[in-house]
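A quick write-up on the structure given underneath.
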Amino acid sequence: MAKIAFILLCHKDPEAIVQQALQLTAVGDYIAIHFDASAPKEAFALIEKELGDNPNVTFAKKRIKCGWGEWSLVQATLYAVEAAVDAFPRATHFYMVSGDCMAIKSASYAKKLLDADDCDYIESFDFFESDWIKTGMKEERLIYRHFFNERTHKTLFYNSWWAQRKLGLEREIPADLQIMIGSQWWCLRRRTVEWIIDMTKNRPDVMKFFRTTWIPDETFFQTLVRHLVPEPEIRTRTLTFLMFTDYGMPVTFYNDHYDLLLSQDFLFARKISPEATSLKERLGRLYASDRDDFKISDEGRKLFGFLTGRGRIGRRFAPRFWETETSLGRERELLIVACKKWHVAKRFVGSVKHHTTIPCIDYLFNEEDTDLPDLGGIQRTLGKRTRHRRALMRMLFDYYNTDRLIICLDTANLDLMQDFFNDRSTTRLLELECDFTDEYLIGHAKRVGLAGDQTADETMEQLLPTIRYDVVYESDRIRDAGFENHLRVREASSPDENTPPICEFLSVSEDVGRSIAQTPYLFAD
């Protein structure tokens with residue numbers, strides 16, 4: 001039967017780390033802990049005191065200070081992995097977890113799953129061909145050397161990058177590697193882990209390359225596993241259930257999410273709220289139980305894929321200095337219609353087309369099949385449109401021979417809105433605020449694959465608040481951004497009340513604005 005060695009990277013809450021280690025080792029599994037060297041010495045001393053005599057617990061051979069996006073996270077993981085390989089010769093699998101992770105299945109269930117399929121579980125998508133990265137850096141993560149932390153030394157980070165770019169100091173990727181990308185939450189077999197350790201010792205060129213890449217914890221293990229392991233033995237998924245908001249932040253689970261978590265086709269979940277004491281107690285008891293009667297529903301993986309498939313949306317709003325020459329043009333005016341209900345926005349711009357001569361384009365950054373002219377290939381995929389958004393918009397202005405253009409955006413696309421508002425052109429935003437009934441949200445969940453006809457009522461009850469909160473949160477974020485020229489049309493308002501913002505947004509007469517506001521069934525589902 002499988003024996004799991006958990007690889008735990010953590011930096012806070014030593015009491016919770018002790019409890020987590022005791023729960024995971026209670027049924028004979030193991031754990032190797034790397035506690036960040038930047039944490040107080042007293043915190044690590046407490047962990048050592050409570051767990052030092054436990055034969056199923058070991059510590060990374062060296063503690064280092066870790067920073068987000070740095071090589072230090074990979075190095076800390078390697079230190080913990082090496083300690084686990086040496087300390088636990090009977091371990092068959094190595095499972096990466098954080099202090100915010102907890103099991104959502106029993107140990108017996110988890111081991112049966114691992115025994116049933118001789119494979120490695122790790123997200124591993126082609127770095128260049130996939131659209132895992134939606135915004136921000138892509139190839140720049142690899143071809144330039146990153147010596148500074150973007151969060152703590154922002155100026156040095158970007159100045160170093162710009163200097164390399166200006167001087168043409170691009171570097172080659174090791175020729176025999178296909179760079180892959182994916183989540184850092186993996187579960188690998190012992191043989192695979194040993195191969196990785198051997199490669200770190202025998203391939204200094206590979207180690208030198210990854211040490212100066214940006215966010216290597218999303219590429220290092222993912223690339224090496226794909227290089228070392230036959231493809232049929234790789235399951236390109238994680239066994240840890242996690243969801244991301246459109247702001248790029250992990251969804252946090254609370255006490256009332258117990259049933260929802262257990263019904264997902266995963267072994268662990270992240271992130272569990274520190275305040276969810278009841279949930280933690282129940283999940284802690286669950287792992288040590290022999291329970292195997294889990295009713296797995298289909299919406300878990302679909303929900304996971306739906307949310308994470310949007311990529312880790314960047315939180316960089318200000319324009320970067322290398323983008324200053326990519327303005328849409330001072331004389332141009334970009335009009336953005338933002339709405340969560342896409343059919344409502346399309347109905348609105350359809351009415352605008354009927355009453356004005358302003359060119360309108362539907363959700364070009366959200367729908368692959370949006371009707372666009374041939375612009376030389378830049379329009380072909382959502383990834384290309386998003387990466388080259390300003391160039392795309394300039395080409396569309398030129399194509400339609402206009403200085404005014406309307407586009408539709410989902411309310412989740414705050415990064416795009418912010419980027420356009422930071423441009424030299426004039427940008428206006430009209431938000432169509434819709435009402436969302438439970439019936440609509442349930443229908444939405446089914447339409448996008450988050451739920452099915454067989455989804456249990458209690459699961460749907462758990463899912464609805466998350467979806468509703470996400471929708472409301474998106475609107476709040478737009479409001480908090482403080483955009484100039486931000487106007488709103490509300491479903492709950494009368495046509496007379498909605499006419500002034502429409503007139504101001506479109507710069508049209510009151511008669512035209514009222515005609516658009518009176519569009520039949522504008523907000524109808």
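Not measured: the values here are computed from a predicted model.
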Please work out whether the ring planes of [X] and [Y] are parallel, tilted or perpendicular, with thresholds of 30° and 60°.
{"X": "F268", "Y": "Y95", "answer": "tilted"}
{"X": "F294", "Y": "Y109", "answer": "perpendicular"}
{"X": "F420", "Y": "F365", "answer": "tilted"}
{"X": "F483", "Y": "F421", "answer": "parallel"}
{"X": "F436", "Y": "Y440", "answer": "tilted"}

* Please check if any side-chain donor atom of R171 sits under 3.5 Å from a side-chain acceptor atom of T212, or the reverse. =>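 Present: a donor and an acceptor within the cut-off.
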* To do: Using only heavy-atom distances, determine whether the side chains of T236 and R226 contain a donor-acceptor pair under 3.5 Å.
  =>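 Per modelled atom types, T236 and R226 side chains form a pair under 3.5 Å.
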Can any side-chain N or O of [X] pair as donor or acceptor with the backbone N or O of [Y] at less than 3.5 Å?
{"X": "S130", "Y": "D126", "value": "yes"}
{"X": "R270", "Y": "V97", "value": "no"}
{"X": "R211", "Y": "W71", "value": "no"}
{"X": "N413", "Y": "L416", "value": "no"}
{"X": "S106", "Y": "R291", "value": "yes"}
{"X": "Q20", "Y": "C101", "value": "yes"}
{"X": "R145", "Y": "L142", "value": "no"}
{"X": "S183", "Y": "E123", "value": "no"}
{"X": "D217", "Y": "V74", "value": "no"}
{"X": "Q222", "Y": "M180", "value": "no"}

Give me the atom names and distance for the closest heavy-atom approach of [X] to [Y].
{"X": "I7", "Y": "A80", "result": "CG2-CB, 3.7 Å"}
{"X": "L188", "Y": "I196", "result": "CD1-CD1, 3.9 Å"}
{"X": "A2", "Y": "T92", "result": "CA-OG1, 3.3 Å"}
{"X": "A107", "Y": "V27", "result": "CB-CG2, 3.5 Å"}
{"X": "E367", "Y": "W342", "result": "CG-CZ3, 3.3 Å"}
{"X": "R237", "Y": "D265", "result": "NH2-O, 2.6 Å"}

How long is the straight-line distance from [atom2] of [Y] back to [atom1] of [X], given to the nearest 0.5 Å?
{"X": "N422", "Y": "Q418", "atom1": "CG", "atom2": "CD", "result": "5.5 Å"}
{"X": "F253", "Y": "L261", "atom1": "CZ", "atom2": "CG", "result": "5.5 Å"}
{"X": "L177", "Y": "D205", "atom1": "CG", "atom2": "CG", "result": "7.5 Å"}
{"X": "I143", "Y": "Q164", "atom1": "CD1", "atom2": "CD", "result": "9.5 Å"}
{"X": "D36", "Y": "R63", "atom1": "CG", "atom2": "CZ", "result": "7.5 Å"}
{"X": "K3", "Y": "D29", "atom1": "NZ", "atom2": "CG", "result": "6.0 Å"}

* Asked: Does E82 have any salt bridge (Lys or Arg N to Asp or Glu O under 4.0 Å) partners at least two apart in sequence or in another chain, and if so, which?
  ->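 None.
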* Check salt bridge (Lys or Arg N to Asp or Glu O under 4.0 Å) between R191 and all other residues, then give those that pass, not counting sequence neighbours. =>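 E233.
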Taking C-beta and beyond as the side chain, do [X] and [Y] meet within less than 4.5 Å on heavy atoms?
{"X": "I47", "Y": "K49", "result": "no"}
{"X": "N54", "Y": "L22", "result": "yes"}
{"X": "M96", "Y": "L9", "result": "yes"}
{"X": "L24", "Y": "N56", "result": "no"}
{"X": "L414", "Y": "E474", "result": "no"}
{"X": "F210", "Y": "T223", "result": "yes"}
{"X": "W195", "Y": "V229", "result": "yes"}
{"X": "T192", "Y": "I122", "result": "no"}

* CA sep, side-chain torsions, deciding dist, call: T77, V81, side chain to side chain contact (heavy atoms under 4.5 Å, CB included) -> CA-CA 6 Å; T77 304; V81 167; 4.1 Å; yes
* Contacts of type ring-ring contact (aromatic ring centres under 6.0 Å, His included), residue F35, not counting sequence neighbours ->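 Checked F35 against ring-ring contact (aromatic ring centres under 6.0 Å, His included); zero matches.
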* To do: Give the intermediate values and the outcome of side chain to side chain contact (heavy atoms under 4.5 Å, CB included) for residues K208 and V206.
  => CA-CA 5 Å; K208 181 179 179 181; V206 171; over 6 Å; no
* Salt-bridge test for K340 and D410: reply yes if a basic N is under 4.0 Å from a carboxylate O, no otherwise. =>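 A salt bridge is present here (some side-chain N lies under 4.0 Å from a carboxylate O).
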* If you measure from the Lys or Arg side-chain nitrogens to the Asp or Glu carboxylate oxygens, is any gap between D415 and R389 under 4.0 Å? ->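 Result for this pair is no, no salt bridge flagged.
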* Asked: Is the F221 to F94 ring centre distance short of 6.0 Å?
  ->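 No, the ring of F221 stays outside the 6.0 Å limit from the ring of F94, centre to centre.
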Quick check: are there more than 12 heavy atoms from other residues, nucleotides or ligands sitting under 6.0 Å from [atom1] of [X]?
{"X": "D117", "atom1": "CG", "value": "yes"}
{"X": "H227", "atom1": "NE2", "value": "yes"}
{"X": "K154", "atom1": "NZ", "value": "yes"}

* To do: Quickly, which of W68, F147, F148 forms a ring pair (Phe, Tyr, Trp, His ring centres under 6.0 Å) with W214? Name it, please.
  =>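 Filter result, single survivor: W68.
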* So L283 and L262, side chain to side chain contact (heavy atoms under 4.5 Å, CB included) or not? Walk me through it. -> CA-CA 9 Å; L283 293 179; L262 264 60; 3.9 Å; yes
* Candidate pair S475 and E431, rule side chain to side chain donor-acceptor pair (under 3.5 Å), full reasoning -> CA-CA 9 Å; S475 183; E431 185 180 355; 2.8 Å; yes
* **side chain to side chain contact (heavy atoms under 4.5 Å, CB included) between L267 and L113, worked out** => CA-CA 9 Å; L267 302 183; L113 184 146; 4.2 Å; yes
* Would E150 and Y158 count as a side chain to side chain donor-acceptor pair (under 3.5 Å) if you check the C-alpha gap in whole Å, the side-chain angles of each, and the deciding distance to 0.1 Å? -> CA-CA 8 Å; E150 194 258 358; Y158 287 115; 2.6 Å; yes
* To do: Go through Y258 and S278 one step at a time and tell me if the side chain to side chain donor-acceptor pair (under 3.5 Å) criterion holds.
  => CA-CA 9 Å; Y258 180 80; S278 174; over 6 Å; no
